[in-house]
Number of protein chains: 2
Amino acid sequence: MKLSDYESQPENLDAVFAALADPTRRSILARLATGEASVGELAEPFEISQPAISKHLKVLERAGLIEREIDRQRRPARLNAAPMQAAIGWLEEFRRFWSSSFDELDGLLEELKQAEPKGAADE
Amino acid sequence: MKLSDYESQPENLDAVFAALADPTRRSILARLATGEASVGELAEPFEISQPAISKHLKVLERAGLIEREIDRQRRPARLNAAPMQAAIGWLEEFRRFWSSSFDELDGLLEELKQAEPKGAADE
DNA sequence: CAGTTTCATAACTCAATGGTTATATAAATT
DNA sequence: AATTTATATAACCATTGAGTTATGAAACTG
């Protein structure tokens with residue numbers, strides 16, 4: 001799979017990365033990784049309002065990262081991994097694509113900055 | 001490293017994920033993975049204006065994903081992998097943390113990490 | 001039935017994004 | 001010196017994002 005192939009679902013990739021770009025949402029996802037939780041349970045650790053949490057859940061849902069259920073008057077959220085796969089896939093592919101300098105990154109960058117003023121990395 | 005540890009640099013993680021949430025910027029990064037490029041070269045494949053590209057580069061620079069150089073009147077951009085590692089780290093840690101439901105994804109990642117039939121990279 | 005719990009939705013504010021065009025700056029070219 | 005090239009910056013516009021408070025709708029409880 002090529003990098004450009006991941007762009008064949010750009011909207012989903014956009015939505016997933018955008019969803020991950022917020023610390024509250026990442027925290028919610030981490031919480032959901034331990035099991036499904038109601039809106040109230042998800043809101044509890046934060047100081048923001050319940051509607052704000054509901055909005056975050058909508059963002060996560062639109063990205064496909066969670067699914068909502070109905071349990072009486074509760075609307076618990078459950079994690080869905082599939083869309084995360086797109087993000088991981090893109091990043092892993094990117095890393096492989098740029099393999100030459102990715103692994104020993106820090107060391108190489110230091111070398112580049114000091115030993116080689118003009119960035120001829122791996123061409 | 002735990003998931004919560006990645007939240008110790010939330011701003012950077014925020015900026016990196018946000019930077020990756022735009023297809024133009026992902027495309028720019030893919031282009032830069034093949035080597036540094038000037039603003040004009042980066043703008044060429046797109047139909048948007050040059051200032052728009054400069055703005056995207058600023059976003060990428062703020063996220064630490066690129067560095068700018070000065071070569072006469074050109075300001076070529078060069079990839080910087082370090083912040084991307086933070087994003088990969090968070091996602092991989094998340095995957096590990098939620099390993100039980102990530103089995104299918106593990107398979108996909110193995111695929112990705114292994115065979116590369118065609119040497120062709122990307123746009 | 002009346003009240004409470006759980007959650008969603010609406011309406012609003014404020015800041016940030018992503019785009020534009022127009023202009024400025026600095027180096028290269030003629 | 002004048003012009004062209006490469007890029008940045010400013011000013012503006014429309015849209016989105018993240019938050020708020022207020023209110024509504026179900027479902028549960030007494």
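Proteins come first, then strands; the chains are lettered A, B, ... in the order of their sequence lines, and each starts at number 1. Note that these values count all heavy atoms, side chains included, but never hydrogens, waters or copies made by symmetry. Just so you know, these numbers come straight off a predicted model, no measurement behind them.
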Check: protein-nucleotides 25-29 of chain C nitrogen or oxygen pairs below 3.5 Å:
from	atom 1	to	atom 2	distance (Å)
C/dA28	OP1	B/R72	NH1	3.4
C/dA28	O4'	B/Q73	NE2	3.3

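- Per the geometry, CZ belonging to B/F17 stands 17 Å off P belonging to D/dG17, to the nearest Å.
- A salt bridge links B/E92 and A/R95; the closest N-O separation between the charged side-chain nitrogens and carboxylate oxygens is under 4.0 Å.
- Listed here is the closest heavy atom pair of B/R25 and B/A18: NH2-O, 3.2 Å.
- Note that CZ of B/R26 is 12.5 Å distant from CG of B/L65, once rounded to the nearest 0.5 Å.
- With rounding to the nearest 0.5 Å, the separation of CD in A/E67 from CG in A/N80 is 4.5 Å.
- One atom, CD of B/E69, and another, C1' of D/dA6, lie 16 Å apart when rounded to the nearest Å.
- For the pair A/D14 CG and D/dG17 P, the interatomic distance rounds to 11 Å; values are reported in whole Å.
- How far NE2 of A/H56 is from CD1 of A/I48: 4.0 Å, rounded to the nearest 0.5 Å.
- C/dT5 atom C1' lies 18 Å from atom CD1 of A/I53, rounded to whole Å.
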Under 4.0 Å protein heavy-atom contact, by nucleotide of nucleotides 15-22 of chain C - B base, S sugar-phosphate only: --SBBBBB
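- Closest non-hydrogen pair, A/L79 versus A/A33, comes out as CD2-CA, 3.7 Å.
- Between the CD atom of B/E36 and the C1' atom of D/dA6 there is a distance of 15 Å, given to the nearest Å.
- When rounded to the nearest whole Å, the span between CD of B/E61 and C1' of D/dA8 equals 12 Å.
- A/E69 and A/R75 are not joined by a salt bridge, as no carboxylate oxygen comes within less than 4.0 angstrom of a charged side-chain nitrogen.
- At the phosphate of D/dA26, neither OP1 nor OP2 sits under 4.0 Å from any side-chain N or O atom of A/R74.
- To the nearest 0.5 Å, the span separating CG on B/L20 from CG on A/L20 amounts to 9.5 Å.
- The two atoms that bring B/V16 and B/A87 nearest to each other are CG1-CB, 3.9 Å, heavy atoms only.
- Atom CZ of B/R68 and atom C1' of D/dT9 are 13 Å apart (whole Å).
- Contact annotation: B/S38 side-chain N/O to D/dT7 OP1/OP2 distance is under 4.0 Å.
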